[in-house]
Amino acid sequence: MLMIQKWLNQHNELYTSATRHPFTLSIRDGSVDLSAFKRWLGQDYIFVRAFVPFVASLLLKAWKESDDDSDIEVILGGMAALNDEVSWFKREASKWSVSLSSTVPQKTNLEYCRFLESLMSPEVDYTVAVTAFWAIEAVYQESYAHCLSDGSKTPEELKETCQRWGNDGFGQYCHTLQNIANRRLEKSPEDIISKAEATVMRVLEYEVEFWNMSRGET
Ligand SMILES: Cc1ncc(CNC=O)c(N)n1
């Protein structure tokens, strides 16, 4: 069995808490509190700005370490999507009257961004970093695709947000990332596999906490 599938089975509870979080479930059933959505929007813009240099560092690792040239193209495609995403956040924030310049990063966000920064170190193996990248993207893909699936009552004004990460193209892209990660993991020694697994767990925990921020209790 492929490594990522094995981990998802083993850590199914954690994976489900990230991909079926009360915040995204509330979008899906239409009960979402719009102030929670706005809080998420402001915080996620800050996260995405830190995510760009992480992906740049991953591109550098792929160029130095990858055994397959097409990895670079996949990651570069992810970068291009982020360029578009940054513009989208600005437009969306103005639509919802969220001031991005006065949004203060919450503790969880700062911690998640610091964790990303730790993964940018040249000491971190390409296999570990690309596996983390897959996990970060996959949580959003699964969470938002669920908001568009059969029986969802997602409010019209939130459908574009769900489409951004829930569309089929993004799903295909996540699948490609998963294939890259599995290919690398198959060829990796035990210590790298353990590090990658622990990193995926950390990502999932941070993603749960990130959704929790939408509650605005802190
Ligand atoms: C906290 C978090 N995790 C994953 C993503 C999705 N990747 C890029 O947009 C995101 N925007 N925010």
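Remember, it's 1-based here, ligands and their atoms both numbered in the order they're listed.
Contact check for Arg91 versus Trp88: side-chain heavy atoms found under the 4.5 Å cut-off.
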In a simple table, one pair per line, please give the protein and ligand 1 atom names for every N or O pair closer than 3.5 Å, along with the distance.
{"from": "ligand 1", "atom 1": "3 (N)", "to": "Glu207", "atom 2": "OE1", "distance (Å)": "3.2"}
{"from": "ligand 1", "atom 1": "3 (N)", "to": "Glu207", "atom 2": "OE2", "distance (Å)": "2.7"}
{"from": "ligand 1", "atom 1": "7 (N)", "to": "Glu137", "atom 2": "OE1", "distance (Å)": "2.6"}
{"from": "ligand 1", "atom 1": "9 (O)", "to": "Glu85", "atom 2": "OE1", "distance (Å)": "3.3"}
{"from": "ligand 1", "atom 1": "9 (O)", "to": "Glu85", "atom 2": "OE2", "distance (Å)": "2.4"}
{"from": "ligand 1", "atom 1": "9 (O)", "to": "Trp165", "atom 2": "NE1", "distance (Å)": "3.2"}
{"from": "ligand 1", "atom 1": "11 (N)", "to": "Asp44", "atom 2": "OD2", "distance (Å)": "2.9"}
{"from": "ligand 1", "atom 1": "12 (N)", "to": "Asp44", "atom 2": "OD1", "distance (Å)": "2.6"}
{"from": "ligand 1", "atom 1": "12 (N)", "to": "Asp44", "atom 2": "OD2", "distance (Å)": "3.4"}
{"from": "ligand 1", "atom 1": "12 (N)", "to": "Tyr140", "atom 2": "OH", "distance (Å)": "3.2"}

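A search for ring-ring contact (aromatic ring centres under 6.0 Å, His included) contacts involving Trp96 returns Phe37, not counting sequence neighbours.
Proximity of a side-chain donor or acceptor of Arg28 to a complementary backbone N or O of His146 within less than 3.5 Å is detected. For the pair Ser57 (side chain) and Phe54 (backbone), a donor-acceptor distance under 3.5 Å is present.
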I would like to know whether Tyr126 and Trp63 meet side-chain contact (heavy atoms from CB on, under 4.5 Å); could you show each step before the answer?
CA-CA 10 Å; Tyr126 170 58; Trp63 176 65; over 6 Å; no
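Heavy atoms only, all atoms of each residue included: Ala181 and Thr131 are closest at CB-OG1, 3.7 Å.
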